[in-house]
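I have placed the structure first, in the form of structure tokens, so that the comments after it can refer back to it.
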Amino acid sequence: MGYHYRMTDSVLLRLHRYPSGSPLHRSDQITVPTATWERFYRDHRFSRPVFVAISESVATNFDGVVGRIRPAPSTGGGDSCQVPDWMWLRLGAPDDDFWVVMMERPIADAGQITLRPRREQTLVAAADPLEMLTAALSGSAGGGEHSWACLMEGMELPLACGDFDVVGIHSCDGYPVSVGCILNTDVRLELL
């Protein structure tokens, strides 16, 4: 892949969820203090976002939750990050005084994603399920703020058109991966 990551560069942040009703609950975006965002982007030389993993410790970081970072709207410092509900639940629904380690995480480009709708009616009601899913993942179906750049195997995928489970991800080279980047990639979706 040719990506260089600073595997030892990590930050410790207090975990919070986005406010109820925020469109960012339907995304992979993690809001961090501006200084943290600048720190991760300082040496970033790729045309894709900085992906990070967050977990309880450095030892379990690659088993944590993966998303892309975005700077907080204010220029203030701070020591906290905000995440969507699905990430918070995947981290065990911790209390308000929970700290996480955040570290840059290399991920492969996805070539195939297997999704399972939580409700069969989600797909039956759509004239073109593939087009519906593509629009929901890209954010073109409802604002763009809740777009997706990466998906994790085993995650709940909350989309405007319905909730899905990510059953499997394969890289562009055909091997299974636990997380994959879906930006600028012709992803082949399979529905169970």
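Keep in mind that the numbers below use all heavy atoms, side chains included, and drop hydrogens, waters and symmetry copies.
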Task: Pairwise distance CG(Leu151) to SG(Cys181) - rounded to 0.5 angstrom - done: 9.5 Å
Task: Exercise: identify the closest heavy-atom pair between Ala108 and Tyr175 - done: CB-OH, 4.1 Å
Open item on the list: Counting C-beta onward and ignoring hydrogens, is there a side-chain heavy-atom pair between Glu104 and Val50 closer than 4.5 Å?
Closed with: yes
Open item on the list: Could you work out, with side-chain contact (heavy atoms from CB on, under 4.5 Å) as the rule, every residue matching Leu12, not counting sequence neighbours?
Closed with: Trp99, Val101
Open item on the list: I'd like to know if the side chain of Arg39 reaches the main chain of Ser10, judged simply by a donor and an acceptor atom lying under 3.5 Å from each other, with no hydrogens or angles considered.
Closed with: yes
Open item on the list: Please check this pair: side chain of His170 against backbone of Gln112, looking for a donor-acceptor N/O pair closer than 3.5 Å.
Closed with: no
Open item on the list: Measuring only between side-chain heavy atoms, which start at C-beta, is Leu91 closer than 4.5 Å to Ile54?
Closed with: yes
- [ ] May I have the step-by-step check of side-chain contact (heavy atoms from CB on, under 4.5 Å) for Val166 and Thr114, ending in yes or no?
- [x] CA-CA 6 Å; Val166 179; Thr114 305; over 6 Å; no
TODO: Heavy atoms only: give me the nearest Thr34-Ala72 pair and the separation to one decimal.
DONE: OG1-O, 3.6 Å
- [ ] Output yes when a side-chain donor or acceptor of Trp88 lies under 3.5 Å from a complementary backbone atom of His16, and no otherwise.
- [x] no
Task: Minimum heavy-atom distance Leu13-Ser80, with the two atoms named - done: CD2-N, 3.9 Å
TODO: Check Ser138 against Ala135 and note the closest heavy-atom contact, atom names and distance.
DONE: OG-O, 3.2 Å
- [ ] Not counting sequence neighbours, which residues clear ring pair (Phe, Tyr, Trp, His ring centres under 6.0 Å) with Trp37? List them please.
- [x] Tyr41
Open item on the list: Could you report the tightest heavy-atom contact between Ile30 and Met102, atom names first, then the distance?
Closed with: CG2-CE, 3.8 Å
TODO: With the side chain counted from C-beta on, respond yes when Pro49 and Leu183 share a heavy-atom pair under 4.5 Å apart, and no when they do not.
DONE: yes
Task: Contacts of type side chain to side chain donor-acceptor pair (under 3.5 Å), residue Thr31, not counting sequence neighbours - done: Tyr18, Arg70
Kindly list each side-chain donor-acceptor pair under 3.5 angstrom involving residues 154-164, sequence neighbours excluded, with atom names and distances?
none

- [ ] For Ser147 and Gln29, run side-chain contact (heavy atoms from CB on, under 4.5 Å): C-alpha distance rounded to whole Å, both residues' side-chain angles, the deciding distance at 0.1 Å, then the answer.
- [x] CA-CA 9 Å; Ser147 64; Gln29 298 178 52; 4.3 Å; yes
- [ ] Could you check if a side-chain atom of Thr36 sits within less than 4.5 angstrom of a side-chain atom of Ile69, using non-hydrogen atoms only?
- [x] no
Open item on the list: Using side-chain heavy atoms (C-beta onward) and a distance below 4.5 Å, is Ile107 in contact with Arg48?
Closed with: yes
Task: Separation between CZ of Arg105 and SG of Cys150, rounded to the nearest 0.5 Å - done: 9.5 Å
Task: Closest heavy-atom pair and its distance - Arg68, Asp28 - done: NE-OD1, 2.6 Å
Task: Residues forming a side chain to side chain donor-acceptor pair (under 3.5 Å) with Asp173, sequence neighbours excluded - done: none
Open item on the list: Holding to side chain to side chain donor-acceptor pair (under 3.5 Å), I want the full list of residues that pass it with Arg119, two or more places apart in sequence or in another chain.
Closed with: none
Open item on the list: According to side chain to side chain donor-acceptor pair (under 3.5 Å), who are the partners of Asp165, at least two apart in sequence or on a separate chain?
Closed with: Arg118
Task: Side chain Asp109, main chain Cys172, donor-acceptor under 3.5 Å - done: no
Task: Working for side-chain contact (heavy atoms from CB on, under 4.5 Å), residues Leu133 and Leu115 - done: CA-CA 10 Å; Leu133 286 169; Leu115 301 177; 4.2 Å; yes
Task: side-chain contact (heavy atoms from CB on, under 4.5 Å) against Ala127, all qualifying residues, sequence neighbours excluded - done: none
Open item on the list: Is the shortest side-chain heavy-atom distance between His25 and Ser20 below 4.5 Å?
Closed with: no
TODO: Measure the spacing between CG of Leu137 and CE of Met132 and express it to the nearest 0.5 Å.
DONE: 9.5 Å
